[in-house]
Amino acid sequence: MDLSLTKVFVTRQLLPPYLKILREVCIPEIWSENNPPPRKILLEKVKDKDGLLCLLTEKIDEELMNKGKDLVVISTMSVGFEHIDLKAATDRGIYVCNTPGVLTEAVADYTLALLLATARRMTEADSFIREKKWTMPWSPTMLLGSSVYGKTLGLIGLGRIGKAVAKRVGGFNMNVIYYDIYRQSPDVENELNVKYCEFDEVLKESDFISIHVPSIKETYHMIGERELNLMKPSSIFINTARGVIVDEQALSKALKEKKIQSAGIDVWETEPTNLNNPLFKLENTVLTPHIASATIDSRTMMAELSAKNLVAVLKGKMPISLVNKDVLKVRSLSEVKRI
Ligand code: GLV
């Protein structure tokens, strides 16, 4: 097999084992800088490519697909695919794949880490020591936080990650309520020990609210001023899903005015976020730079899965996780086979 015949562009260096998978079918061209390829370069790079392995930092739109006339597969190393114009891809017979499943546990772990850190003010406590403010002996009132054990957790979204969070909090004896456009069967609800409630009821009743819905048109600013006003003043808000689901200005205002107690935020309306973001000024926040899936295991599995998906399509085989299933009707797997 002549490996130079199949052309693939990878938009960043990933964790190693994925390369072995790609090298089965091609000699990939890899963008080796830490920052994403500038748009102009990306548009150039896709011109002669059969496959593109990208991240959520690249905008994969019609303009790009028009340049990449030979593209048969776009494989993103992310579970989210809001950066890809699915309709444009399907219309052109381009297979779009993502990496669900392999980051579920890492994101669920991180959600709990953020929830606990926010409830117990861990980052404030860390800064307190480093800034040499710990000058008095043990105190009954220093850095008081909120209990987690036995409290009510409201999950907005009960997909893979929401369910993995629900499974973890049994040990904290939490009462879990959820809202989702899809209600789970009574069997699943019993097994997870969760109760379905209307959206507003989840907001009103929960001590902790955690977001686990995808970024789609319908979830844009799903949490805004109205929703924040419904939450308890003692509530703690956690977002490890996508920044655009929450109106950041409204969240900052609610935190400042103590309409809610605190927030743990890993995802932002724009990333990297503006350095003047009002959330930076608030002590009642724990802020991190979109790292919920950032474990060596998880990122290795994500890289491997995105490479496997890409290689499968190039071989004319069904990829493990195809997003736009309708594409099968537009261009069959035997038609996209490149090797
Ligand atoms: C990360 O946020 C992902 O979508 O994989």
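Atoms within a ligand are numbered from 1 in the order they appear, just like the ligands themselves. The basis for the numbers below is simple: all heavy atoms, side chains too, and nothing from hydrogens, waters or symmetry mates. The structure presented is a predicted model; accordingly, all values stated were derived computationally and were not measured.
- A donor-acceptor contact closer than 3.5 angstrom is absent between the side chains of Thr288 and His290.
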Item to complete: Decide salt bridge (charged side-chain N to carboxylate O under 4.0 Å, His left out) for Glu105 and Arg168; before the verdict, give the C-alpha distance in whole Å, the side-chain angles of both, and the deciding distance to 0.1 Å.
Response: CA-CA 10 Å; Glu105 307 305 337; Arg168 278 163 173 71; 2.8 Å; yes
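- When heavy-atom distances to ligand 1 are checked against 4.0 Å, the residues falling inside are Leu56, Ser78, Val79, Gly80, Leu103, Arg242, His290, Met302, ordered by chain and number.
- Classification of Asp91 and Lys87 as a salt-bridged pair holds, one side-chain N sitting under 4.0 Å from a carboxylate O.
- When only modelled atom types and interatomic distance are considered, Ser127 and Glu124 share no side-chain donor-acceptor pair under 3.5 Å.
- The existence of a salt bridge linking Glu29 and Lys45 is confirmed by a sub-4.0 Å separation between a basic side-chain nitrogen and an acidic carboxylate oxygen.
- Under 4.0 Å is where a charged nitrogen must lie from a carboxylate oxygen, and between Asp207 and Lys232 at least one such pair does.
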